[in-house]
Novice: 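Encoded as structure tokens, here's the structure I'll be asking about.
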Protein chains: 2
Amino acid sequence: MVRTRVIPLAEQLLDTLGEQGYRSTSPRKAVTQAIAAKQGHFTAEQLRQQLPGVGRATIYRSLKLLVDSGALCRVLLEDGNLHYQLSHQGHHHHLLCVECGSSQDLLGCDIEDLLRQVSAAHRFQLSGHWLEVYGRCYDCLPKAATG
Amino acid sequence: MVRTRVIPLAEQLLDTLGEQGYRSTSPRKAVTQAIAAKQGHFTAEQLRQQLPGVGRATIYRSLKLLVDSGALCRVLLEDGNLHYQLSHQGHHHHLLCVECGSSQDLLGCDIEDLLRQVSAAHRFQLSGHWLEVYGRCYDCLPKAATG
DNA sequence: ACCATAATGATACCTAGTCTCGTTTAATAT
DNA sequence: ATATTAAACGAGACTAGGTATCATTATGGT
Ligand SMILES: [Mn+2]
Ligand SMILES: [Mn+2]
Ligand SMILES: [Zn+2]
Ligand SMILES: [Zn+2]
């Protein structure tokens, strides 16, 4: 029987950085642990207030590393505020609930094909896109229903 | 023969505000004239440097009014910087060239239908979305071509 | 001309970063 | 274990995009 050690998410994040040659420092441990404990998305500022012992620049540096590595993704809320959240690796989008703020990942989205067609019609060479989708999640529908 | 007076764009912008009950003030005239003279997109900061006589808050307030009225739209560049530009009224998207920074409006985009289907599959009630498309415009393709 | 109030600019404050620079720390070679 | 050295750090200044407050001014309507 193989003893499977459950690697906490924080260690996974740290390992992700380690694989890219980044050192395992105590500020980075603090940041990854705080992120791993989070539910849903959060702002850099929230993280900062939660970790007063970690320098501001270090928090932003860590966030950047994690975004670049694909472990975190950036989420643009409808009010314009930028949040971060744990990411499914690879390109994807979010269904953001404007009631409760929850976020569902949109994985199998064939928007690429559509954009490729539209771009071609404009003689535009597509290289990337940014998409956020706003609305109400299933749990929040009853609240907004009138009839 | 009807004498058609060419209303400058700046006046149109001011009229748009006027129709909503906003007063025609000299700071607003300065802002709308500066915007009307712009080619393509611009940042709030650029506008501010161009109008040192107008208070910072007033510039941001004016931008907000014009965005809310639909006369201006916000454009998120790939680098994360937010720009403004004169808008075709109504919802639309942009094809943003990462080489020259130009922006083409994407008017007849059927992404709504696609999003509606995808949202329904996630039991999500769609209310809005934000989309920016990045790539190279036709004029910039030769520069990037290798063969 | 007068008046109510909309709008303004100054200022302070906030969020989100970036950059520099002198100090600390982690990985690694001995 | 210790020395080396580059990576990483925190402090602090700076940029950029905003918002909130508030005393003063200007506008539009009578
Ligand atoms: Mn995501
Ligand atoms: Mn537009
Ligand atoms: Zn919800
Ligand atoms: Zn171009």
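Chain naming here is simple, since letters A, B, ... match the order of the sequence lines and numbering starts at 1 in each.
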Novice: Which nucleotide in the set C:dA7, C:dG17, D:dC9 lies at the smallest distance from any side-chain heavy atom of A:Pro27?
Specialist: D:dC9
Novice: Taking the side chain as every heavy atom from C-beta outward, state whether B:Trp130 and B:Leu76 have any atom pair closer than 4.5 Å.
Specialist: yes
Novice: To the side chain of A:Lys64, which of D:dT19, C:dT18, D:dA7 is closest?
Specialist: C:dT18
Novice: Tell me the interatomic distance from A:Arg48, atom CZ, to D:dA11, atom P, rounded to whole angstroms.
Specialist: 11 Å
Novice: What about the rings of A:His91 and A:His129, do their centers lie closer together than 6.0 Å?
Specialist: yes
Novice: Which nucleotide sits closest to the side chain of B:Arg61: C:dA16, C:dT8, C:dT25?
Specialist: C:dT8
Novice: Of the options C:dA27, C:dA7, C:dA16, whose atoms approach the side-chain atoms of B:Tyr22 most closely?
Specialist: C:dA7
Novice: So, does A:Tyr84 get its side chain near the phosphate of C:dG17, meaning an N or O under 4.0 Å from OP1 or OP2?
Specialist: yes
Novice: May I have the distance from B:Leu66 (atom CG) to C:dA7 (atom P), rounded to whole angstrom?
Specialist: 13 Å
Novice: Atom CG of B:Leu82 and atom P of D:dT19: how far apart are they, to the nearest Å?
Specialist: 11 Å
Novice: Considering all heavy atoms of both residues, which atom of A:Asn81 and which atom of A:Asp79 are nearest to each other, and what is their separation?
Specialist: N-OD1, 2.8 Å
Novice: Want to settle it: does A:Ala57 or B:Ala57 sit nearer the 5' end of DNA chain D, counting the closest nucleotide to each?
Specialist: A:Ala57
Novice: In a check of side chain to side chain donor-acceptor pair (under 3.5 Å) between A:Glu132 and each of A:Arg74, A:His94, A:His93, which one passes?
Specialist: A:His94
Novice: Let me know the distance between CZ of B:Arg74 and P of D:dG17, rounded to the nearest Å.
Specialist: 11 Å
Novice: Between A:Phe124 and B:Leu96, which heavy-atom pair has the shortest distance, and what is it?
Specialist: CZ-O, 3.3 Å
Novice: If you check the A:Arg28 side chain, which of C:dG9, C:dA27, D:dC9 turns out closest?
Specialist: D:dC9
Novice: Answer yes or no: are there more than 12 heavy-atom neighbours, outside A:Gln20 itself, under 6.0 Å from its atom CD?
Specialist: yes
Novice: Considering only side-chain heavy atoms of B:Arg23, which listed nucleotide, C:dG9, C:dG17, C:dA7, is closest?
Specialist: C:dA7
Novice: How many Å lie between OH on A:Tyr60 and C1' on D:dA11, as a whole number?
Specialist: 16 Å
Novice: Would you say B:Thr58 places a side-chain N or O within less than 4.0 Å of OP1 or OP2 belonging to C:dG9?
Specialist: yes
Novice: Of all the nucleotides listed (D:dG17, D:dG10, C:dA16), which has the minimum atom distance to the side chain of B:Thr43?
Specialist: D:dG17
Novice: Starting from C1' on C:dG17, measure out to CD1 on A:Ile59 and report it in whole angstrom.
Specialist: 13 Å
Novice: Could you please name the option among D:dG18, C:dA26, C:dA7 that lies closest to any side-chain atom of A:Ser26?
Specialist: C:dA26
Novice: Output the single nucleotide from D:dT27, C:dA16, C:dA10 whose closest atom is nearest the side chain of A:Arg56.
Specialist: C:dA16
Novice: For A:Gly53, which contact category applies under a 4.0 Å heavy-atom criterion: base, sugar-phosphate, or nothing?
Specialist: sugar-phosphate
Novice: What is the distance from CG of B:Leu17 to C1' of D:dG28, rounded to the nearest Å?
Specialist: 16 Å
Novice: Whole angstrom is fine here: how far is it from CD in A:Gln49 over to P in C:dT15?
Specialist: 6 Å
